[in-house]
Number of protein chains: 4
Amino acid sequence: MQVNNVETLFKKTLRESDLSAKQQSVLQVSLNLFAEQGFDRTSTSEIAKAAGVSEGTVFKQFKTKDGILKAILDPIVAHVVPMVATEFLDELKTNNLVDLKSFLQYAIQDRMTFAVENRQQIKVFAQEILRNPKIITDLSGKVEAVVNGQVGEVLQQFKDRGELVDWPNMRIIRYLVGILGSYVFPQVFLAPTADFDADKASQEAVEVLMRGLTPVK
Amino acid sequence: MQVNNVETLFKKTLRESDLSAKQQSVLQVSLNLFAEQGFDRTSTSEIAKAAGVSEGTVFKQFKTKDGILKAILDPIVAHVVPMVATEFLDELKTNNLVDLKSFLQYAIQDRMTFAVENRQQIKVFAQEILRNPKIITDLSGKVEAVVNGQVGEVLQQFKDRGELVDWPNMRIIRYLVGILGSYVFPQVFLAPTADFDADKASQEAVEVLMRGLTPVK
Amino acid sequence: MQVNNVETLFKKTLRESDLSAKQQSVLQVSLNLFAEQGFDRTSTSEIAKAAGVSEGTVFKQFKTKDGILKAILDPIVAHVVPMVATEFLDELKTNNLVDLKSFLQYAIQDRMTFAVENRQQIKVFAQEILRNPKIITDLSGKVEAVVNGQVGEVLQQFKDRGELVDWPNMRIIRYLVGILGSYVFPQVFLAPTADFDADKASQEAVEVLMRGLTPVK
Amino acid sequence: MQVNNVETLFKKTLRESDLSAKQQSVLQVSLNLFAEQGFDRTSTSEIAKAAGVSEGTVFKQFKTKDGILKAILDPIVAHVVPMVATEFLDELKTNNLVDLKSFLQYAIQDRMTFAVENRQQIKVFAQEILRNPKIITDLSGKVEAVVNGQVGEVLQQFKDRGELVDWPNMRIIRYLVGILGSYVFPQVFLAPTADFDADKASQEAVEVLMRGLTPVK
DNA sequence: CATGAATGAGTCTTCATTCAT
DNA sequence: AATGAATGAAGACTCATTCAT
């Protein structure tokens with residue numbers, strides 16, 4: 001199965017950057033601390049200590065504390081998100097999703113796993129969005145392009161075959177995300193319950209989505 | 001129509017408290033500032049200035065900065081949420097919701113309006129949940145009680161009449177909230193677009209929910 | 001003889017301000033430290049310690065380190081300079097300066113004493129002028145007004161009586177200041193020699209000025 | 001006319017030193033930055049960047065930041081000042097200054113031009129003197145030697161011929177410098193006004209000095 | 001010689017909190 | 001109850017200096 005793990009991809013991006021080992025460590029450690037206790041509640045001295053570097057080193061490269069956050073978020077937005085998207089879309093095609101149900105089963109389960117595995121990164125993103133919603137305005141363009149582009153093609157197939165209601169792509173995706181979120185949200189932001197059954201959850205989600213998105217005869 | 005406005009109810013709660021006018025002002029102003037710029041980014045001196053009181057006064061009553069947040073959140077959780085819930089449930093009964101569609105139309109539109117009107121308070125809550133998920137664990141008990149209690153009765157009617165799938169109440173509510181959230185989330189947390197059409201949005205939401213939640217013959 | 005001491009006047013201004021004793025102490029101590037070791041080489045913690053207050057107190061009132069400097073310089077420019085000027089001019093009139101020589105003797109000696117007694121304040125000013133010459137542009141207006149105003153009247157008397165060359169006031173004052181400075185400068189900015197004889201110095205200065213400024217028959 | 005420009009001479013001194021091109025660049029750039037923004041407000045990284053060298057290089061040669069200042073000031077004191085003095089004295093002799101007026105005209109105008117052309121260097125010196133007056137104690141010996149030596153010879157001629165008052169050389173030079181300074185100071189340290197007329201200024205200065213320094217019959 | 005990443009002490013500044021009035 | 005001056009610990013950030021390469 002695909003890696004699909006932001007942390008792995010993030011580390012890869014780090015390795016390919018021209019940052020020194022210490023500076024990479026700063027970003028790695030910051031990501032974890034920001035996710036755990038929030039940006040504002042994480043001090044730069046805490047970061048330095050956790051990364052095993054001096055406080056000067058932190059600022060030498062990243063200039064400001066906000067610079068650290070930017071150094072984390074920017075490559076994720078610029079590289080990780082597209083990589084993940086591409087990977088996901090490739091899988092969609094590879095897996096030869098013959099009908100809507102297969103497609104939904106795959107997509108829902110895949111994204112659910114993704115969300116749970118990348119809780120940390122998602123939380124950092126969520127915090128930043130609450131603080132500065134502009135960040136998502138920048139992303140929404142990309143998302144819309146993908147939805148109407150490659151994802152749109154896939155959806156169109158199902159529409160053509162009469163398997164999917166003829167609603168705008170954004171509307172269909174909205175419901176997909178909404179239903180997915182209704183399962184994922186508590187796991188990511190609230191207490192991640194140990195008894196969360198991703199299989200059962202995705203089956204249920206697929207069931208209600210199939211009902212909601214199949215054309216009425 | 002009902003007031004349904006947390007701010008109004010919050011003010012009412014304040015009036016009924018034994019807090020002096022100045023102390024009420026502190027809470028009122030804090031709520032706004034916390035929503036606008038976040039708890040960590042709001043200083044107590046800023047609060048004091050905005051509330052027109054001295055810094056000493058802020059602490060005289062609330063002991064700590066966290067105490068202010070608690071003084072805001074606690075009554076909302078203790079009084080405002082129940083009041084809103086009761087009000088909502090009363091309306092459900094009063095409006096004589098003869099069938100599932102009427103029920104969904106009413107519920108969705110009502111909650112959508114509620115969310116948009118109370119953006120500020122919701123944002124403060126969201127921040128606090130990210131920081132301290134425990135707060136929702138406390139709430140979830142109450143919510144589950146309501147869902148399985150009064151709301152459960154309503155849902156049961158529809159199930160009995162064969163208008164609603166025979167799924168657990170929590171599952172049904174999950175989808176309701178998920179679909180609702182897919183419309184409301186961008187308005188509350190991202191850019192609140194001026195062209196948001198609550199009527200159209202709730203009609204669409206009802207449409208997909210009716211499909212998803214109606215039993216198959 | 002007149003007080004003529006900026007420090008005394010500065011303290012008087014402080015007392016009349018609405019600053020607390022501690023805050024006055026901050027300014028007093030800062031003035032001394034800035035004069036001794038320069039603005040940039042004086043740390044705020046040093047100021048706090050010397051003033052016997054916490055570092056927070058320093059910033060509570062003066063906001064920034066520059067704010068401290070401003071709080072020192074502004075009242076001097078606004079009040080002390082005018083007070084000193086008035087005092088000086090009053091003395092000029094009171095002492096019934098019958099001829100140019102008496103006038104020069106008085107003025108030179110008086111200003112020389114003034115400069116030597118207020119070395120500290122003058123040094124702080126000098127530093128600030130090197131850093132930010134704008135400060136003197138603001139003052140030059142006032143100075144010119146006095147030179148052409150009250151001082152001008154005095155000079156005009158001597159011109160009318162044929163005791164003083166008919167040059168523009170600014171030119172005459174320029175030489176007065178230049179010659180005065182040639183004696184004062186080393187005392188203020190270089191090593192203040194113990195054997196400095198203000199009496200002899202002013203006699204010499206008066207001698208050369210009398211020669212330079214008396215009309216040729 | 002003579003070069004009379006400290007920068008040119010400074011560069012020449014640099015070329016004749018055993019410093020590498022990069023290290024010379026460090027001194028050159030430091031001089032400018034110190035003059036513009038002061039020693040304390042110029043960081044070593046700023047110097048390194050402006051000089052196009054690494055931070056390590058700056059310290060390799062000069063050990064400390066003070067070492068840079070020393071490396072700038074020392075050669076000026078050791079070589080440039082003497083060179084300028086010699087040049088000046090040579091000119092005095094070459095120009096065959098027949099009488100006191102010619103001498104004053106030449107000297108005043110020459111030094112005035114010198115001061116205005118070397119504003120930067122003078123400002124660095126002035127700053128350093130404010131900070132560490134000892135530097136001038138070292139210089140004063142040299143100055144006194146020159147004043148009583150070669151300059152003394154020139155002055156003696158005029159005294160012998162009855163063109164110049166029989167005052168100690170230092171006293172005469174004091175007035176020369178004082179009057180000169182009264183014109184030059186504002187140009188160097190305050191706003192350098194575009195309309196400064198060096199010709200007119202030196203004529204005026206000569207006029208008052210001739211009056212002040214000519215023996216009374 | 002030259003580099004530049006790394007250091008850590010020190011700087012200015014903020015802020016929640018206390019307390020005498 | 002209310003004030004606001006005072007506190008001091010902690011925060012972000014700077015900078016002269018070192019050292020392995």
Side-chain angles (χ1 to χ4, degrees), chain A residues 18-23 25-26 40-49 51-68, chain B residues 19-23 26 40-49 51-68, chain C residues 18-23 25-26 40-49 51-68, chain D residues 19-23 26 40-49 51-68:
Chain A
D18 52 357
L19 294 174
S20 71
K22 299 212 169 193
Q23 287 159 353
S25 165
V26 168
D40 287 320
R41 307 210 154 177
T42 303
S43 75
T44 52
S45 76
E46 204 176 352
I47 291 171
K49 199 174 296 172
V53 303
S54 75
E55 211 163 344
T57 301
V58 173
F59 284 91
K60 189 76 167 193
Q61 186 64 29
F62 304 109
K63 308 299 187 227
T64 65
K65 193 183 168 190
D66 275 306
I68 303 174
Chain B
L19 296 174
S20 72
K22 298 212 168 193
Q23 287 161 349
V26 168
D40 288 318
R41 307 205 156 182
T42 303
S43 75
T44 51
S45 76
E46 205 176 351
I47 292 172
K49 196 179 297 172
V53 304
S54 73
E55 297 196 48
T57 301
V58 172
F59 285 87
K60 192 70 172 189
Q61 183 66 28
F62 304 110
K63 306 298 187 238
T64 67
K65 192 184 171 189
D66 276 307
I68 302 174
Chain C
D18 51 358
L19 295 174
S20 70
K22 300 214 168 190
Q23 287 160 350
S25 166
V26 168
D40 287 320
R41 308 211 153 178
T42 304
S43 75
T44 51
S45 76
E46 205 175 351
I47 292 172
K49 199 175 295 173
V53 304
S54 75
E55 213 164 344
T57 301
V58 173
F59 284 90
K60 188 74 167 194
Q61 185 65 30
F62 305 109
K63 308 298 187 228
T64 66
K65 192 182 168 191
D66 275 306
I68 303 173
Chain D
L19 295 175
S20 72
K22 298 213 168 194
Q23 287 161 349
V26 168
D40 287 318
R41 308 208 155 180
T42 303
S43 74
T44 51
S45 76
E46 204 176 353
I47 291 171
K49 196 178 297 172
V53 304
S54 73
E55 295 195 50
T57 300
V58 172
F59 284 88
K60 191 70 172 187
Q61 183 66 27
F62 305 109
K63 306 298 186 241
T64 66
K65 190 184 172 189
D66 277 307
I68 303 174

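Numbers restart at 1 for each chain; the letters A, B, ... are given by sequence-line order, proteins then strands.
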Applying salt bridge (Lys or Arg N to Asp or Glu O under 4.0 Å), name anything that partners D:K60, two or more places apart in sequence or on another chain.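 Applying salt bridge (Lys or Arg N to Asp or Glu O under 4.0 Å) to D:K60 gives none.
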Can you list the residues that meet the salt bridge (Lys or Arg N to Asp or Glu O under 4.0 Å) rule with B:D66, with sequence neighbours excluded? none
Any chance you could encode DNA chain F as dot-bracket? Rule is Watson-Crick or G-U wobble with both distances under 3.5 Å; [ ] for pairs crossing earlier ones, | for another strand. .||||||||||||||||||||
I need the [atom1]-[atom2] distance between [X] and [N], as an integer number of Å.
{"X": "C:D40", "N": "F:dT14", "atom1": "CG", "atom2": "P", "answer": "16 Å"}
{"X": "B:R41", "N": "E:dA16", "atom1": "CZ", "atom2": "C1'", "answer": "18 Å"}
{"X": "B:Q23", "N": "F:dT3", "atom1": "CD", "atom2": "P", "answer": "10 Å"}
{"X": "B:E55", "N": "F:dA5", "atom1": "CD", "atom2": "C1'", "answer": "10 Å"}
{"X": "B:F59", "N": "F:dA5", "atom1": "CZ", "atom2": "P", "answer": "16 Å"}
{"X": "C:F62", "N": "F:dA6", "atom1": "CZ", "atom2": "C1'", "answer": "13 Å"}

Would you indicate, yes or no, if E:dC1 has its OP1 or OP2 atom less than 4.0 angstrom from a side-chain nitrogen or oxygen of D:T57? no
At under 4.0 Å, does any side-chain N or O of C:S54 touch on OP1 or OP2 of F:dG8? no
Under a 4.0 Å heavy-atom cut-off, which of residues 42-49 of chain A touch DNA chain F? A:T42, A:S43, A:T44
Check nucleotides 19-21 of chain F against the protein and report each pair of N or O atoms closer than 3.5 Å, with its distance, or say if there are none.
none

For the atom pair CZ (A:F59) and CZ (A:F62), what is the distance rounded to the nearest 0.5 Å? 11.0 Å
With C:S25 via side chain to side chain contact (heavy atoms under 4.5 Å, CB included) - residues at least two apart: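 Side chain to side chain contact (heavy atoms under 4.5 Å, CB included) check on C:S25 returns C:V29, C:A51.
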Pairing residues for C:S43 by the side chain to side chain contact (heavy atoms under 4.5 Å, CB included) criterion, not counting sequence neighbours: C:S45, C:E46
Partners of [X] by side-chain hydrogen bond (donor to acceptor under 3.5 Å, both in side chains), sequence neighbours excluded?
{"X": "D:Q61", "answer": "D:Q23"}
{"X": "A:T64", "answer": "none"}
{"X": "C:T44", "answer": "C:E55"}

Which part of the nucleic acid does B:Q61 contact within heavy-atom distance under 4.0 Å: base, sugar-phosphate only, or nothing? sugar-phosphate
Once you apply a heavy-atom cut-off of 4.0 Å, does B:V58 come out as touching a base, just sugar-phosphate, or nothing? nothing
Using heavy-atom distances to pick each residue's nearest nucleotide on DNA chain F, tell me which of C:K22 and A:K65 is more 5'. C:K22
For A:A21 and B:D66, find the nucleotide of DNA chain E closest to each by heavy atoms; which residue's nucleotide sits nearer the 5' end?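 Nearest-nucleotide comparison on DNA chain E picks A:A21.
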